[in-house]
Structures are given as C-alpha cells and as structure tokens.
Asker: 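The structure follows.
Just so we're on the same page: letters track the sequence lines, and every chain starts at 1.
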Number of protein chains: 2
Amino acid sequence: MKRSKISANVIRRLPRYLRKLDDLAYHGVERISSGELGKQMSLTPSQIRQDFSCFGEFGQQGYGYNVEALRDEIATILGMKRGYSAILVGVGNLGHALMENFGFAAYGFHLKAAFDVRPDLVGTEVAGVSIYHADQLAAYLREDSVDIAVLAVPRRFAAQVARMLSENGIGAIWNFTNLELDLDNSKTLVENIHFSDSLLTLSYYLTEAREEDGEA
Amino acid sequence: MKRSKISANVIRRLPRYLRKLDDLAYHGVERISSGELGKQMSLTPSQIRQDFSCFGEFGQQGYGYNVEALRDEIATILGMKRGYSAILVGVGNLGHALMENFGFAAYGFHLKAAFDVRPDLVGTEVAGVSIYHADQLAAYLREDSVDIAVLAVPRRFAAQVARMLSENGIGAIWNFTNLELDLDNSKTLVENIHFSDSLLTLSYYLTEAREEDGEA
DNA sequence: CATGCCTTGTGAATACTGTAACATAACTAT
DNA sequence: ATAGTTATGTTACAGTATTCACAAGGCATG
C-alpha cells in the first residue's frame with residue numbers, strides 16, 4: 001500500500017471495476033483472476049493488477065481475487081461506506097429525475113433535502129425527500145453540515161448558487177450545469193457532468209467514422 | 001494538419017474549448033492568445049497550441065486566435081455542422097428532461113422522434129417532438145436513417161434495446177443507462193454517461209480531502 | 001517603412017501511463 | 001507430502017502525453 005498520490009486515471013477506473021464486480025457477484029461468481037477480468041472489461045491484466053496494487057494487496061497467488069471482498073475494498077476506497085450526506089438544488093426536470101431514479105442510497109449517500117424556488121414545489125415531497133424554498137438553503141447549510149450538493153439549477157443561476165454553497169462550507173458540488181464553475185480559491189471540490197461535452201465527443205467520433213467510410 | 005490519429009485526450013478537450021470560446025464570443029471578446037486562454041482554462045499555453053495544431057493552423061503569430069473563427073473550426077471538427085439526426089428512446093424522467101432542457105439543436109442535432117411503451121405518452125408531444133410506441137422503432141429505423149440514439153430506458157431493457165438499435169444500423173448510441181453496453185462486433189459507437197461513476201469519483205476525492213485534514 | 005514586440009507552430013526534452021516480464025507464493029491434484 | 005500449475009505484486013521497459021524552448025513571422029507604433 002503506497003497511497004501517496006494516485007493518478008486520476010486510476011481513480012476514474014475504480015467505479016467501473018465496482019460496477020463489474022457488482023455484476024459478477026450478482027451472477028454468483030465468487031472469484032476472478034486479473035486475466036479473466038481483463039478479458040471481460042477489455043483491459044490488460046497488468047493494468048488491473050497495477051491499479052489494485054495502488055491501494056493494497058487484495059489478491060492471492062494461484063487463486064485470484066475474491067469478488068465480494070474486492071468489491072468491498074473498492075467501495076471503501078471510494079468512500080461509499082462513509083454515509084455522506086447530500087442535498088439537491090434545483091428540482092426541475094433533471095433534478096426530479098435524479099431524485100426519483102438515481103439511487104443515492106445504493107452508493108452510500110443520504111439525500112437529505114431538496115431546494116427550489118417554485119411555490120408549487122416547496123412543501124411537497126419527491127421520492128420521500130422534502131423540498132424547501134431556496135431562501136432557506138444558506139440557513140440549512142449552517143445548521144446541518146452537508147457533504148455534497150447536487151447542482152441542477154438553470155444555467156443562469158449556477159454561478160451564484162455555487163458560490164453560495166461554497167461559502168457556506170459545502171464539501172463538494174456535483175455539477176449538472178453546463179457552466180464551468182469557478183471557485184478557485186475555495187476548498188470545495190467540483191465534479192462536472194457536461195452532457196454537451198459527451199455528445200460532442202460522440203459526434204466527433206461519428207464524423208471520423210463517416211469520413212473513413214469514404215463519404216469524405 | 002496531420003489528422004492521422006488524434007488521441008482521445010485531445011478530443012475530450014475540444015468541447016471544453018468550444019464552450020469557452022462561445023462564452024468569450026458572448027462577452028464580445030474578438031481575439032485571444034493561447035497564454036490568456038490557458039490562464040482562463042487552467043491549461044498550459046503549450047497544450048492549447050499543440051491541441052489545435054492537430055487539426056490545422058488557426059492562429060496568427062503576434063496576434064493570437066480569432067475567437068469566432070476558432071470557434072467555428074472546432075465546431076466543424078466536432079461535426080456540429082453536419083446536422084446529425086437523433087432519436088430518443090425512453091421518455092421517463094430523464095428522457096423527458098433531455099427533451100425539454102437539453103438543446104439538441106444548439107449542438108447541430110435534430111431530434112426527430114421519441115419512443116416509449118407507456119400508452120399515456122404515445123401519441124403526445126414533448127418540446128415539439130412526437131412520441132411513438134417502441135414497437136414502431138425498428139420499422140422507423142429501417143425507413144428513415146438515424147445517426148444517433150439517446151438511450152434512456154430503464155436498466156433492464158438497456159441491453160436488448162441497444163442490440164436492436166445496433167442491428168438496425170444506428171450509427172451511435174448515447175447511453176444514459178448504468179449498464180456497460182456490449183456490442184463488440186458491431187460498428188455502432190457508444191458514448192456513456194455514467195452518473196454513478198462521476199459521483200463515486202467525487203466521493204473518492206472528498207474522502208481523500210477529509211483524510212488529509214487529519215480526520216483520518 | 002522600419003523596428004521591436006508578440007505569439008504562433010513545432011521539434012526536442014521531460015514526465016507520466018500502461019504493458020511486459022518475472023520472481024514468488026498459494027492452490028490443487030496425485 | 002510433493003510437483004506442477006496458476007496468478008499475484010513488482011520491477012523494468014515502452015509508449016503517450018505534456019511541457020519547454022525557440023525559430024519564424026505577423027502586428028503595431030513611431
């Protein structure tokens with residue numbers, strides 16, 4: 001275990017390992033070797049062993065890895081066992097979709113509250129979570145410490161809300177806004193989901209493929 | 001211009017350049033140097049120049065880059081000018097959110113139709129796009145060629161729908177499903193939006209930060 | 001119109017990431 | 001038990017990606 005400074009590439013592969021291991025466990029697989037895992041995930045066995053070795057020695061020679069145990073190790077590494085608290089800001093279509101369909105609990109998160117400005121939403125519940133008025137957000141944060149805020153407000157409010165969250169001590173922002181949040185001299189972590197970036201990347205590769213097919 | 005084989009890292013930075021350039025243009029900025037752009041985007045000027053040089057020579061010595069022109073070059077590279085057609089499969093909360101809030105047109109995409117199985121949705125319109133029954137999907141694809149399918153169905157249907165899309169000649173799938181699509185011997189491109197991977201990455205970094213703060 | 005200032009594009013150097021190879025040790029079957 | 005097989009963790013290597021450094025060339029000002 002040499003948890004000095006692990007590269008972002010390794011970190012971003014961990015959730016994928018987790019998903020795969022969950023899947024294997026679900027199908028009753030009890031053990032797996034780096035070779036087999038590599039085949040199933042289109043990775044080299046070397047890379048898999050190297051990735052895991054950043055965090056410890058989870059396998060056994062001549063046997064491989066215990067699926068359940070490895071899954072748990074990765075879950076722990078990712079902080080899933082810490083029971084982080086979350087709030088959602090912006091109960092529009094997307095916020096609503098996240099509340100109803102994204103299982104925060106399955107990833108160890110506790111979604112404690114949601115906030116919006118629409119009077120017809122305030123006071124109601126979605127998927128068992130109460131919706132408060134956005135005006136109460138700052139007070140809520142001061143009262144009750146929150147680890148992560150899911151930011152799903154319209155673009156024009158994003159910068160302002162993000163700053164407010166940061167100033168009130170939020171640990172991290174999961175940003176669904178199209179905007180590049182700029183909180184540079186703050187300690188708040190930011191992780192972006194930029195739909196458009198993803199689509200445009202796909203668009204690029206599609207274009208490349210079409211060009212290769214002679215369509216010039 | 002040496003458009004031989006451009007690394008994925010470069011490609012994934014392009015949409016971000018585009019967003020930044022749009023923003024600059026919106027604020028009336030007409031020209032920008034790699035130095036200034038680098039400062040604003042937290043990238044080295046070298047990297048920016050190197051990235052662009054993969055596709056051509058868009059700048060001028062002693063001047064920098066013309067914001068508008070560069071923006072257009074990147075838009076073209078990304079295939080935004082090609083007017084790709086798209087359909088959406090699965091008009092649940094998320095699909096609905098995408099139809100209403102994600103501006104496909106702004107990225108050069110034409111969302112032509114949506115598909116679902118729910119009788120109360122079939123026959124209606126969302127954001128000007130008609131919803132058809134999923135049974136008609138295969139026929140629709142054969143009739144009318146479609147470039148990209150947005151896959152937003154429940155997880156349990158994902159594999160089956162993806163295979164069907166692929167078999168009916170879809171060019172690419174934009175996958176919002178938690179599932180790792182496995183279409184290996186097909187030509188269909190896949191781009192994933194894995195919400196959980198993103199959240200767990202954030203969770204990792206939050207955990208790391210907390211550990212550094214002595215909280216062990 | 002010429003001089004000095006910028007800023008590009010690129011080739012070379014550095015740093016990082018991923019792959020290969022291997023020594024080591026646990027498991028399995030006889 | 002023992003021999004053989006298997007698969008790990010790690011060290012050494014190869015391949016990418018990023019940064020540095022500079023020659024070349026346009027821009028702007030006097």
Side-chain angles (χ1 to χ4, degrees), chain A residues 1-17 20-21 24 29-74 77 201 204-205 208, chain B residues 1-17 20-21 24 29-74 77 201 204:
Chain A
M1 167 119 67
K2 44 184 172 190
R3 210 188 213 281
S4 47
K5 198 59 197 174
I6 292 144
S7 101
N9 288 355
V10 176
I11 304 308
R12 298 212 169 256
R13 277 192 293 268
L14 293 181
R16 189 157 168 253
Y17 289 130
K20 184 66 193 178
L21 290 165
L24 288 168
V29 179
E30 284 182 5
R31 67 184 241 192
I32 194 159
S33 67
S34 60
E36 181 57 27
L37 193 55
K39 200 181 295 171
Q40 292 189 30
M41 297 184 70
S42 304
L43 298 171
T44 63
S46 290
Q47 178 160 69
I48 291 172
R49 294 203 297 276
Q50 191 116 99
D51 282 351
F52 295 164
S53 79
C54 294
F55 303 98
E57 308 191 2
F58 306 139
Q60 277 201 317
Q61 287 165 334
Y63 175 90
Y65 299 90
N66 177 289
V67 170
E68 194 90 21
L70 182 57
R71 191 257 169 217
D72 266 25
E73 291 285 358
I74 293 176
I77 292 164
T201 304
Y204 172 86
Y205 285 115
E208 187 186 60
Chain B
M1 167 119 66
K2 44 182 172 189
R3 210 188 211 281
S4 47
K5 196 60 198 173
I6 292 144
S7 99
N9 288 356
V10 176
I11 303 309
R12 298 215 168 253
R13 276 191 294 268
L14 293 181
R16 191 158 165 251
Y17 289 130
K20 185 66 193 179
L21 290 165
L24 288 168
V29 179
E30 283 182 5
R31 67 184 241 189
I32 194 158
S33 67
S34 61
E36 181 56 27
L37 193 55
K39 200 182 295 171
Q40 292 189 29
M41 298 184 68
S42 303
L43 297 171
T44 64
S46 292
Q47 178 159 70
I48 291 172
R49 293 202 299 275
Q50 193 115 106
D51 282 352
F52 295 164
S53 79
C54 294
F55 303 99
E57 308 191 1
F58 306 138
Q60 280 203 316
Q61 288 165 334
Y63 175 89
Y65 300 89
N66 177 290
V67 170
E68 194 90 19
L70 182 57
R71 191 255 169 219
D72 265 25
E73 291 284 359
I74 294 177
I77 292 165
T201 304
Y204 173 86

Asker: Report the distance from atom CG of L37(A) to atom CG of L70(A), rounding to the nearest 0.5 Å.
Answerer: 8.0 Å

Asker: Looking at every heavy atom in both M41(B) and R16(B), which two are closest together, and how far apart are they?
Answerer: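 So the minimum-distance heavy-atom pair works out to O-NH2, 2.9 Å.
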
Asker: Could you pull out the protein-nucleic contacts involving nucleotides 13-16 of chain D (nitrogen or oxygen on both sides, under 3.5 Å)?
Answerer:
none

Asker: Rounded to the nearest 0.5 Å, what separates atom CD in Q50(A) from atom OG in S46(A)?
Answerer: 7.5 Å

Asker: Does Y65(A) put a side-chain nitrogen or oxygen below 4.0 Å from OP1 or OP2 of dA26(C)?
Answerer: no

Asker: Treating primed atoms plus P, OP1 and OP2 as sugar-phosphate and everything else as base, which nucleotides of nucleotides 23-30 of chain D get B, S or - for protein heavy atoms under 4.0 Å?
Answerer: -BBBSS--

Asker: Could you tell me which residues satisfy salt bridge (charged side-chain N to carboxylate O under 4.0 Å, His left out) with R12(B), sequence neighbours excluded, listed by chain and number?
Answerer: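 So R12(B) forms a salt bridge (charged side-chain N to carboxylate O under 4.0 Å, His left out) with E191(B).
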
Asker: With sequence neighbours excluded, what pairs up with S34(B) under the side-chain hydrogen bond (donor to acceptor under 3.5 Å, both in side chains) test?
Answerer: R49(B)

Asker: Can you tell me how far the CG atom of L24(A) sits from the CZ atom of R31(A), to the nearest 0.5 Å?
Answerer: 13.5 Å

Asker: Search all heavy atoms of Y17(B) against all heavy atoms of F52(B) and return the closest pair with its distance.
Answerer: CD1-CE2, 3.7 Å

Asker: Quick check on contacts: within residues 34-48 of chain B, what sits under 4.0 Å from DNA chain D by heavy-atom distance?
Answerer: T44(B), S46(B), Q47(B)

Asker: Grab the CD-P distance between E57(A) and dA7(D) for me, whole Å please.
Answerer: 18 Å

Asker: Look at the side-chain N and O atoms of R49(B) and state whether any lies under 4.0 Å from the OP1 or OP2 oxygen of dG9(C).
Answerer: no

Asker: In whole angstroms, how far is the P atom of dC16(C) from the CD atom of Q50(A)?
Answerer: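 The answer, rounded to whole Å, is 15 Å.
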
Asker: Can you sort out the partners of V10(B) under side chain to side chain contact (heavy atoms under 4.5 Å, CB included), two or more places apart, ordered by chain and number?
Answerer: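 With sequence neighbours excluded, V10(B) shows a side chain to side chain contact (heavy atoms under 4.5 Å, CB included) to I6(B), S7(B), R13(B), D51(B), C54(B), F55(B), given in chain and number order.
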
Asker: Separation of I11(A) atom CD1 from dT17(C) atom C1', in whole Å?
Answerer: 14 Å

Asker: Starting at CG of L70(A) and ending at P of dA7(D), how long is that distance when rounded to a whole Å?
Answerer: 15 Å

Asker: Excluding sequence neighbours, so at least two apart, what forms side chain to side chain contact (heavy atoms under 4.5 Å, CB included) with E36(A)?
Answerer: I32(A), S33(A), K39(A), Q40(A)

Asker: Between I6(A) (CD1) and dT17(C) (P), how many Å, whole number?
Answerer: 12 Å

Asker: Select one nucleotide: of dT8(C), dG9(D), dT17(C), the one nearest the side-chain heavy atoms of S33(B).
Answerer: dT8(C)

Asker: Among dT10(C), dG9(D), dT17(C), which nucleotide has an atom closest to any side-chain atom of N9(A)?
Answerer: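 Of all the options, the side chain of N9(A) is nearest to dT17(C).
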
Asker: Taking all non-hydrogen atoms of both residues, which atom of P15(B) and which atom of T201(A) are closest, and how far apart?
Answerer: CG-OG1, 3.9 Å

Asker: Not counting sequence neighbours, list each pair that qualifies as a side-chain hydrogen bond (donor to acceptor under 3.5 Å, both in side chains) and has a residue in residues 62-72 of chain B.
Answerer: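 Qualifying pairs: D22(B)-R71(B).
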
